[in-house]
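If you're wondering where the values come from, they're calculated on a predicted model, not measured in any experiment.
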Amino acid sequence: MAWCRGISMAPLAIDLRPLRRRVPLAAGLFCASFVASKLRTSPPFISKPFACASAAFSADAISAVVVRWFVIVKVLQFTAFLPVIGQKEAVQTEKAPAALGPYCQAIKANNFLFVSGVLGLIPETGKFVSDGIEEQTEQVLKNIGEILKASGASYSSVVKTTIMLADLKDFKKVNDIYSKYFSAPAPARSTYQVAALPMDARIEIECIAAL
């Protein structure tokens, strides 16, 4: 009995503060606590000399269960902020050129709007407004504006654009017109010269907007 009184009966001290900041660590702690609780389960045939040790193990097992449930709650709180994958909605407006292939003018997904590449076509005729880079750039941006409007967004909602040019020498002319539609802070942007564009267009622009 003296040996039993010598064993510490203090509950297992666990500092839970790191769990509040590190969800990945919490997930690992969950697995460890599960294994520990299994290892610490006392068999029914344990002898009386080890009764105090059994009581200590039971306290540890209870602490492990508490930690496990704490981790579950934290993981659920974390995953509640993750976007729902797979939900998307097509956007269609007659005020912008129709798609030239098996794609949509734009797609809404996870609070973002993904606008397909837009050409300088007149929506009513499906023909280019002009062969000039300035006129095509202006028409492209107007068409994008109509798609944004149909989606409940605007030019100020755009966070990223991609410009494809048939000739990079048109870069400055495009910039002069582009700057009229996107005020500061302007969206992030990439510009490329490509080998060719659909229907021999001079310019094509696609964008991503936040909803």
Query - Side-chain (Y178) to main-chain (L141) donor-acceptor, under 3.5 angstrom - result: no
Query - Hphob cluster co-occupancy, Y155 + L113, side-chain heavy atoms under 4.5 angstrom - result: yes
Report task. Answer yes or no: is there a side-chain heavy-atom contact under 4.5 Å between E138 and K180? Result -> yes
Query raised in the report: Is D176 atom CG crowded by more than 12 heavy atoms from other residues, nucleotides or ligands, each under 6.0 Å away?
Result: yes
Query raised in the report: Any donor-acceptor pair under 3.5 Å linking the side chain of Q139 with the backbone of L119?
Result: no
Query - Least distance between heavy atoms, Y103 atom then S116 atom - result: CD1-OG, 3.7 Å
Query raised in the report: P97 and L121: which non-hydrogen atoms are nearest, and at how many Å?
Result: CG-O, 3.5 Å
Query raised in the report: Taking atom CD1 of I163 and atom OG of S190, what is their separation to the nearest 0.5 Å?
Result: 9.0 Å
**Report entry** Worked check of side chain to side chain contact (heavy atoms under 4.5 Å, CB included) between V91 and K108
**Finding:** CA-CA 7 Å; V91 176; K108 288 182 179 181; 4.0 Å; yes
Query raised in the report: Nearest 0.5 Å, what's the CD1-CD distance between I177 and E134?
Result: 5.5 Å
Query raised in the report: About how many Å separate CG of N143 and CD1 of I205, when rounded to the nearest 0.5 Å?
Result: 10.0 Å
Query raised in the report: Is a side-chain donor or acceptor of Q105 paired with a backbone partner of A96 at a separation under 3.5 angstrom?
Result: yes
**Report entry** Student check: side-chain heavy atoms of P198 and E204 closer than 4.5 Å
**Finding:** yes
Query raised in the report: Between S151 (side chain) and I147 (backbone), is there a donor-acceptor pair under 3.5 Å?
Result: yes
Query raised in the report: Quick one: do the Y192 and T162 side chains pair a donor with an acceptor below 3.5 Å?
Result: no
Query - Within 6.0 angstrom of K173 NZ, more than 12 heavy atoms from elsewhere - result: no
Query - Row check, F128 ring normal vs R202 NZ/CZ: under 6.0 Å, within 45° - result: no
Requested in this report: Would you sort out whether L211 and F112 count as a side chain to side chain contact (heavy atoms under 4.5 Å, CB included), showing the intermediate values?
Outcome: CA-CA 5 Å; L211 300 175; F112 283 96; 5.8 Å; no
Query raised in the report: Got a second to check how far F114's CZ is from C104's SG, nearest 0.5 Å?
Result: 13.0 Å
Report task. Compare every heavy atom of L197 with every heavy atom of A166, then report the nearest pair and how far apart it is. Result -> N-CD1, 4.1 Å
Report task. In sequence, state the C-alpha distance, the side-chain angles, and the governing distance for I208 and V115, and then conclude on side chain to side chain contact (heavy atoms under 4.5 Å, CB included). Result -> CA-CA 6 Å; I208 301 173; V115 179; over 6 Å; no
**Report entry** Min side-chain heavy-atom separation L148-V158 under 4.5 Å
**Finding:** yes
Query raised in the report: When you look at L168 and T191, which way does the side chain to side chain contact (heavy atoms under 4.5 Å, CB included) test go after all the steps?
Result: CA-CA 9 Å; L168 202 57; T191 304; 4.2 Å; yes
Query - K169, NZ atom: more than 12 neighbouring heavy atoms under 6.0 Å - result: no
**Report entry** Nearest-0.5 Å distance that lies between atom OG1 in T137 and atom OH in Y181
**Finding:** 9.5 Å
Report task. Quick one: pull up CG in D167 and CD in Q193 and give me the separation to the nearest 0.5 Å. Result -> 5.5 Å
**Report entry** Close side-chain approach of K127 and I122, heavy atoms under 4.5 Å
**Finding:** no
